[in-house]
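Computed from a prediction, not measured in an experiment: that's the story for all the values here.
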Amino acid sequence: MIPQFLVAIIEQAVNQVFRLDTSLHHSLQPAKHKTLLIEVRDWQQAFSLTYTGTQLFIFSSDERQADCIISTDLATLQQLSQANKITQLIRENKLDLDGDLHLAQTYSGAFSKINIDWEEHLADYLGDAASHNVFRLLRKTQQQTRTSMQKCQSTLTALMQDELKVAIHPIELSQFKEQNRTLKAQCAQLELRIDHLLKQVKG
């Protein structure tokens, strides 16, 4: 469970995003003075979000009264950045929603459209050159991490195929298909020979 002081820090960070991307205020106008309650099952904790028109209030809450209540796990919650996936997740029983579906879609759509030039904002503090170098390093680190994860996945797949013999290697599958085709052809030829011999015997 996240303590309230951390929730307050998250609230401050989110409201800082409002200052960096003012379009959020316009996107959240339909949600003004309405409460969205998000229950995170992994943490056994619920959070209420209320937009006042100028800022967003976030509280850890035990109350079940809200305009819209969402109950899901953390992994599914991360998928809510796409507003059109909400109904799909509901159909897949990955998410429970009670109340105003449009309110959930409004929050999801608003935060998915956030467009902040972090490099530009960091330049105000570090200067253009330093900011560029920091983000170049971050992008390089991100790429290296992605490459390392892909290598790990390839290594694990190879281990499963070659060492543990759990999965069929693509080459083995191709060889099996070729052998199967050859066997079918041989069976067809044998069937023709037998049929020909039977005709000779009857003749």
Side-chain angles (χ1 to χ4, degrees), residues 1-126 131 134-139 141-143 145-146 149-150:
M1 181 175 289
I2 298 179
Q4 185 59 45
F5 80 91
L6 283 181
V7 177
I9 292 174
I10 294 172
E11 179 187 286
Q12 291 180 7
V14 171
N15 282 293
Q16 180 63 28
V17 172
F18 275 83
R19 287 186 281 273
L20 296 176
D21 187 352
T22 55
S23 66
L24 264 175
H25 288 290
H26 176 72
S27 299
L28 283 177
Q29 279 304 310
K32 187 176 178 180
H33 300 310
K34 295 181 179 180
T35 300
L36 172 66
L37 186 72
I38 301 176
E39 181 184 18
V40 184
R41 297 168 186 165
D42 310 59
W43 298 341
Q44 296 183 339
Q45 189 173 10
F47 304 91
S48 67
L49 286 72
T50 304
Y51 176 65
T52 64
T54 57
Q55 62 180 328
L56 184 70
F57 288 99
I58 304 176
F59 297 100
S60 177
S61 175
D62 294 327
E63 296 186 7
R64 299 290 299 177
Q65 294 183 352
D67 296 283
C68 178
I69 301 175
I70 290 176
S71 177
T72 187
D73 54 36
L74 190 59
T76 303
L77 189 63
Q78 295 172 354
Q79 299 180 47
L80 296 184
S81 58
Q82 302 177 41
N84 59 350
K85 290 196 67 175
I86 293 179
T87 52
Q88 177 186 339
L89 293 170
I90 293 173
R91 287 195 299 267
E92 294 174 351
N93 294 320
K94 294 181 179 180
L95 181 147
D96 293 330
L97 187 146
D98 184 19
D100 187 357
L101 171 62
H102 181 65
L103 179 60
Q105 291 174 329
T106 298
Y107 270 95
S108 177
F111 283 100
S112 67
K113 295 175 183 176
I114 292 176
N115 183 22
I116 299 175
D117 190 342
W118 296 104
E119 185 171 339
E120 179 183 343
H121 288 290
L122 187 60
D124 294 337
Y125 299 94
L126 303 180
S131 176
V134 167
F135 275 84
R136 184 176 63 180
L137 178 61
L138 288 174
R139 284 190 287 267
T141 302
Q142 183 184 39
Q143 181 60 41
T145 302
R146 187 181 295 114
M149 290 182 68
Q150 290 173 347

* Residues forming a salt bridge (Lys or Arg N to Asp or Glu O under 4.0 Å) with Asp67, sequence neighbours excluded -> none
* Structure fact -> Taken in chain and number order and not counting sequence neighbours, the residues that satisfy salt bridge (Lys or Arg N to Asp or Glu O under 4.0 Å) with Asp96 are Arg41
Would a distance-only check, ignoring hydrogens and angles, find a side-chain to backbone donor-acceptor pair under 3.5 Å from [X] to [Y]?
{"X": "Asn15", "Y": "Leu56", "result": "yes"}
{"X": "Gln44", "Y": "Val40", "result": "no"}
{"X": "Thr76", "Y": "Thr72", "result": "no"}

Nearest 0.5 Å, please: how far is [atom2] in [Y] from [atom1] in [X]?
{"X": "Asp73", "Y": "Asp42", "atom1": "CG", "atom2": "CG", "value": "5.0 Å"}
{"X": "Lys94", "Y": "Leu77", "atom1": "NZ", "atom2": "CG", "value": "13.5 Å"}
{"X": "Ile70", "Y": "Leu37", "atom1": "CD1", "atom2": "CG", "value": "9.0 Å"}
{"X": "Ile86", "Y": "His102", "atom1": "CD1", "atom2": "NE2", "value": "11.0 Å"}
{"X": "Ile58", "Y": "Ile9", "atom1": "CD1", "atom2": "CD1", "value": "12.0 Å"}
{"X": "Leu97", "Y": "Gln105", "atom1": "CG", "atom2": "CD", "value": "9.0 Å"}

Tell me, please, which residues at least two apart from [X] pass side chain to side chain contact (heavy atoms under 4.5 Å, CB included).
{"X": "Ser27", "answer": "Ala110"}
{"X": "Gln12", "answer": "none"}
{"X": "Thr50", "answer": "Thr35"}
{"X": "Phe57", "answer": "Glu11, Thr52, Gln55, Phe59"}

* Structure fact -> From the list Leu28, Val14, Ile38, side-chain contact (heavy atoms from CB on, under 4.5 Å) partner of Leu49 resolves to Ile38
Which atoms form the tightest heavy-atom contact between [X] and [Y], and what is the distance?
{"X": "Ser71", "Y": "Glu39", "value": "OG-OE1, 2.9 Å"}
{"X": "Ser60", "Y": "Val7", "value": "N-CG1, 4.2 Å"}
{"X": "Phe18", "Y": "Tyr51", "value": "CE2-CE1, 3.7 Å"}
{"X": "Ser112", "Y": "Gly109", "value": "OG-O, 2.8 Å"}
{"X": "Leu103", "Y": "Ala31", "value": "CD1-CB, 3.4 Å"}

* Asked: Is there side-chain contact between Thr87 and Leu89, with heavy atoms separated by less than 4.5 Å?
  -> no
* Is it true that atom CD of Glu92 has more than 12 heavy atoms of other residues, nucleotides or ligands lying nearer than 6.0 Å? -> yes
* May I ask you to decide if the ring planes of Phe111 and Tyr107 are parallel, tilted or perpendicular, using 30° and 60° as cut-offs? => parallel
